[in-house]
Amino acid sequence: MRLYFNRIARSASATLEGLAVTLSWVFRRPCTVQWPDKIDKPLEETLPERFRGILEVEVRVCTGCQACERTCPIGCILVRTERNAQTKERFITGFAIDAAKCMYCGLCVEACPTGAIRHTTQFAGATTDLGRLVLRYVPEGTRVVPYKPSAEPPAGLAPRGSLAAAHLRQCFPDTKEGAR
Amino acid sequence: MWELVRTVAGQGPVPWYYGAAAALLSAGVLLGFASAFAGLASFVERRIAARMMSRVGPNRVGPQGLFQFMADGIKLITKEDLFPEGHDPILFRIAPYFVFAGMLGTFVALPFSARLIAADLNVGVLYVVAITSLVVVGIILGGWSSNSKWALFGGLRSAAQIVSYEIPVGMAILCVVLLTGGLSTQSIIAAQGGMPWNWFACHSPFAAMAFVVYLIAALAEGNRTPFDLPEAESELVAGYCTEYSGFRFVVFFFAEWANLWIMSAIATVCFLGGWRIPLVSVAETYAHGYWVALGCLVFAGKTLALVFVVIQVRWTLPRLRLDQMMAVCWKYLIPIAFVAVLGTMTWMVLLPWDSALGKALRGVVFLATLGLLGHLARRTVATYRADAAHYSRMAGQSLWYAPWRLP
Amino acid sequence: MSGPLADRLRAQFPEAVTGPEQKGVPEAVQVAVGALPEVCRFCRDDSELDLQALSCLSGVDYPDRIELVYHLISYRRKHELVLKVRLDRDRPQAPTVAEVWKAANWHERECFDLLGVTFAGHPDLRRLLLPDDWVGYPLRKDYAPPTEYHGMSHHRADPLRPVAPEVHAGGEVPRAR
Amino acid sequence: MPAELKDLAQLREMALPIAGETMVNMGPQHPSTHGVLNFLLVTDGEVMHRAIPHVGYLHRGMEKLAEEVPYHGYMPFTDRLDYLAAMSANQGYAMAVEKLLGCGVPPRAEWLRLIACELNRIASHLVATGTMAMDLGAFTPFIHWLREREVINDLTEALCGSRLTYHYLRIGGVGYDLPAGFADRTLRWLDHFEPMIDEFDRLISHNEIFVARLANVSPIGAAMAIDYGLVGPNLRASGVDWDLRRDLAYSVYPECQFEVPLGRGYRGVVGDCYDRFVVRVLEIRESCRLLRQAFERLPEGEIQAKVGRKLKLPAGEAYARVEAPRGEMGFYLVSDGGESPYRLKVRTGSFSAMSIIEALSHGLMIADLVALIGSLDVIAPEVDR
């Protein structure tokens, strides 16, 4: 009999306690923020510096050593080089990263001697066609002279994230965000 | 509504079409109110629930998300009307309308103010208790005819739940009927005083018990947590309305949110003194239009307060298991309801309504409930203050965010 | 700790158990296939060994044999022991230890599923992870992955390298790249 | 013969005396089976006779992949083994390779690993206890826990650049050092977080309905737990005092003081669902204590031992055990001297937890099965690998 009453008492006090907790939440600041229109600066700038987002390649500093292609466990990086038989010159004719297959593990960034390939804080890669997510950092038909580590880096290198953002716009050219 | 007909048609026999027109008019008004309330209640519940979970809630459609329920309604109406394979053609289609009829039927006897009532039936409360059981028929039919195991479980669970919780609801209302001597909702309200300690909830400790029993049982009637077993998302996918889509789904959920108002309205009528305005007698309220309007506000205020409590309970407590839910009803609620009825009877005999000791004890019960609310407020402030300092140090901004301030 | 467990086991089963092979690794002993259930029951019931739980049963596909590796652990005495059983590679067959440790039930089903080792006396030897009508045992070295399953092709064109990788029938497994 | 028919045939010859049992498929798309798990429930109305689990929906062939990918390249795959406890999976794999390679880990790297693993354990337990409360109908505590978990996600995002699949550890050490202000930010969060655990307790742990739903539901005795190979919080809730961090003492755990919470039948029998829940909540508190000690004792020094880029392990085998949030994670690594592992077997906690459900399911109600799955904290990637 006593168990009957103290079970009632316990459930009453526990429910009251629960109601007190939920009521106290009504006076607290909600932790969610309205994205994308009620945040002060775009999310890409607020992410930490080490954020491993979509990959970006500054081709002018790339030596064409294909270290990144070898270390990538999934094989989503393709570096095509051409060797001109007579003049013994080597050119980088293609640098493609399949951002859809990439798992953003960062092994390629660690393997790169000159830091040409790097993560950016870009992440908005939503697109309707996976083919668009293949980011080609060396346009077709152009040939880039591989960078010699001994020479000093060329001036005016692209800031981190700008190249990736440009390429991502190609992912959804027809929507409003694309135009932004 | 009948007085309206009288004023228009004057004395003498009234042709039948006057009555029909008045009935259609009041049905339209009630349906409009029910749908408006159901829509707004669903939106307000999602906002309150969001705020309790430190999120924002829907605020995209219309100013601060006010038209969210219209968007939901239109979306559901335009959705394809699916029929599960092997469903029962007739029962599957008419099931939601049982629930809808059961829900809308109760609005007839629920007052909004002194003269604003669809039909002041002299069997008011009995009619209300009877018609709410029509909802069960709809749910069971819906569950059985969808030819899906989850819906069947949901339907049968609700059969067990609502039918067995009719008894505590009936017993609790019996206490109130004892105190008023009549079944009509207006007479129940008239029998209660304006000031809080004259309400039936504070009439005696037994009436207070009856009020608590009624609240818990009403939660079960409306399939609200902790008794929302019939559509337990995490166990039965969506319970009895798993296979429903499109407009029929709207009707099921329309009934659930309109039920919020019905539960709280009956509680306000029976226990919290309906539209009685403090220090104003019943005759005066009937006499003047402005008292009627104020009465309407008072009634709505009390009902919305109860609706807030029901919503808060939903987002605080977990769900009961089927056998525990039955145990709560048969082992706890019904015995307490019996004790409440016996207690009220002896209380009425020993301490009649207007005896000095009766009034004094009513004050004591009222102070007890105030003490309870004070304890709740103190615990809330303590919970808030426990986190305020740490949060501001961690997040750099103060934890205080006024409830009325919209993000 | 190397030695005492193996010695005690060898003392108990002189012909079935042979001594530890590698140093450093928790003691590993070779066990004859036939004596496996008795050895395991002894490991579990013996007060001094007291290997209460089977931590992990792994099948390894060596070129000449399939080896079952039983990692046992004692929570009371905080020591581990490894039992190794050599099976013939073409028809791997081993007695079940599901009666000794119930944990072995699912481990053996997985080993059957991925390596094709049939366990005699297993209460419910069916494929655990792969669909029931799957052909072949994936973890075998000579497993040639089928190109499609019920008409659904496994191959997805690699947008970087448009040419389709050639599939070798048997033998060399196509590289992940 | 497809599985369902086989189950049916099996039931027929087991001749269970059930009048009209119905077969209900709970899953693979079901709100309360965490991830893609399927239970074929043989029920007679609400009461179940057997819940036959079907797994394998999330089988990605992790162990086959390990035989093709080089040692360094496989580390990000171990995140995907158990995406809620990626750090412990990383540590297990790293320890197995280091044991075979024989290379030591610098002290600062060990302490950084401890910090990362304990943060990850808190996040994993938050999801475990949160989803358990949500499965029983209490939606609010789950969202409060997700709110706290967001802060942990931000911390790990600042630490190693990713919120869920960290790939923070490397073979022989750690990938990144602490960013500026990390320790201060974490400690301030811990001050805020510990009172929130008390609030969570008041909101849900001591709630009478919650206790009624969990106490005395499918208790698992110590002997049964050991026999079925249960590990981690499930084992400790059954009363077996076994924690790898303290008993097999790997990494720098021996230098820290922390208790191992055991199931003591808090509101019912020892080893019931409520014990498993309480053990996880207590472990969250222990992890907070560990974090505070770790930040005090963090030594200076480099964070990764010298390990060549093209790693070739000597032939041999090694078995490493690590205390993941869901119990002991065992990595059995066999190497033939090549560039990638010859064979890698991963043993996880959810695998054995999933195998015990069928034995316990007799006589449970559907609502109890949901509570049991939640209390065992079974998630699909760990079961299927």
Side-chain angles (χ1 to χ4, degrees), chain C residues 21-26 28 44 52-63 67 69 71 73-76 78-80 82 84 98-107 109-111 113-115 123-124 126-134 138-141 143 145 173-177, chain D residues 1-3 6-7 10 52-59 61 63-65 67-69 73 99-100 102 222-231 235 240-242 247-249 316-319 321 328 330-332 334 336 342-348 351-352 354-356 358-359 383-385:
Chain C
E21 333 148 333
Q22 302 118 325
K23 315 296 162 287
V25 140
R44 188 191 58 173
Q52 300 153 304
L54 166 71
S55 267
C56 169
L57 181 155
S58 2
V60 187
D61 177 13
Y62 288 101
E67 204 172 74
V69 183
H71 287 268
I73 188 166
S74 157
Y75 294 135
R76 265 194 290 272
K78 298 184 173 47
H79 58 232
E80 305 167 46
V82 177
K84 294 197 172 185
E99 286 78 25
V100 182
W101 295 288
K102 294 225 174 34
N105 187 328
W106 269 37
H107 279 97
R109 271 182 72 182
E110 188 200 7
C111 201
D113 189 355
L114 299 180
L115 268 165
D124 169 23
R126 275 185 291 131
R127 279 193 182 271
L128 180 67
L129 299 176
L130 295 175
D132 276 309
D133 55 1
W134 188 269
L139 273 183
R140 284 185 171 228
K141 292 297 176 186
Y143 172 73
V173 172
R175 306 298 303 163
R177 293 193 217 312
Chain D
M1 191 154 78
K6 208 164 286 175
D7 295 327
Q10 220 174 4
I52 302 157
H54 291 162
V55 288
Y57 292 93
L58 203 55
H59 178 59
E63 290 158 5
K64 182 76 178 176
L65 263 173
E67 289 156 13
E68 289 173 20
V69 177
K99 202 181 263 188
L100 207 52
M224 183 177 183
I226 294 174
D227 198 15
Y228 271 91
L230 282 188
V231 276
L235 188 64
V240 179
D241 185 0
W242 174 259
D247 295 328
L248 283 189
E317 58 171 53
Y319 188 74
R321 299 167 191 265
E328 171 195 322
F331 285 79
Y332 176 58
V334 175
D336 63 351
Y342 183 77
R343 166 78 163 105
L344 178 74
K345 159 80 180 178
V346 184
R347 180 247 184 273
T348 55
F351 187 77
S352 39
M354 189 70 181
S355 61
I356 203 171
E358 186 169 0
V383 175
D384 308 337
R385 291 181 303 282

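As a basis for the values below, the full set of heavy atoms in this structure was taken, side chains included, without hydrogen atoms, waters or symmetry mates. Order of the sequence lines fixes the chain letters, A, B, ..., with proteins taken first and strands second; residue numbering starts at 1 for each chain.
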_Side chain to side chain, E317(D) and K84(C), heavy atoms closer than 4.5 Å_ = yes

*Parallel under 30°, tilted from 30 to 60°, perpendicular over 60°: which one fits the rings of H71(C) and Y319(D)?*
parallel

_Given heavy-atom pairs under 4.5 angstrom as the criterion, report whether the side chain, backbone, both or neither of S352(D) touches chain C._
neither

_Close side-chain approach of E80(C) to L248(D), heavy-atom, < 4.5 Å_ = yes

*Pick whichever of A53(C), A104(C), S55(C) has the most heavy-atom pairs under 4.5 Å with chain D.*
S55(C)

*Examine whether an atom of V55(D) lies under 4.5 Å from a heavy atom of chain C, and if so say whether it belongs to the side chain, the backbone or both; otherwise answer neither.*
both

*Has the side chain of K64(D) got a donor or acceptor atom that lies under 3.5 Å from a matching backbone atom of R140(C)?*
yes

*List the atom of Y75(C), the atom of L230(D), and the distance in Å for their closest heavy-atom pair.*
OH-O, 4.1 Å

*Distance from D61(C) atom CG to E67(D) atom CD, nearest 0.5 Å?*
8.5 Å

*What part of Y332(D) is in contact with chain C, defined as an atom under 4.5 angstrom from a non-hydrogen atom: side chain, backbone, both or neither?*
side chain

*Quick one: SG on C56(C) to CZ on F331(D), what's the gap to the nearest 0.5 Å?*
11.0 Å

_Distance in Å, H54(D) NE2 paired with L129(C) CG, rounded so as to fall on 0.5 Å steps_ = 12.5 Å

_Distance, nearest 0.5 Å, that separates CD1 of I356(D) from CG of N105(C)_ = 12.0 Å

_Report which part of L130(C) has an atom under 4.5 Å of a heavy atom belonging to chain D: side chain, backbone, both, or neither._
side chain

*Which answer fits D113(C), side chain, backbone, both or neither, if we ask what part of it has an atom under 4.5 Å from a heavy atom of chain D?*
neither

*Angle class for the Y342(D)/Y62(C) ring planes (parallel below 30°, perpendicular above 60°, tilted otherwise)?*
parallel

*Which atom pair, heavy atoms only, marks the closest approach of R343(D) to G59(C)?*
NE-O, 2.7 Å

_Nearest 0.5 Å, please: how far is CH2 in W106(C) from CD in E358(D)?_
7.5 Å

_salt bridge (charged side-chain N to carboxylate O under 4.0 Å, His left out) assessment of K345(D) paired with E110(C)_ = CA-CA 11 Å; K345(D) 159 80 180 178; E110(C) 188 200 7; 2.7 Å; yes

_Quick check on L114(C) against chain D: is it the side chain, the backbone, both or neither that has a heavy atom closer than 4.5 Å?_
side chain

*Portion of V100(C) that has a non-hydrogen atom of chain D nearer than 4.5 angstrom*: backbone

_Contact winner vs chain C - M224(D), E63(D), R321(D), heavy-atom pairs under 4.5 Å_ = R321(D)

_Gap between atom NZ of K102(C) and atom CD1 of I226(D) - 0.5 Å precision_ = 13.0 Å

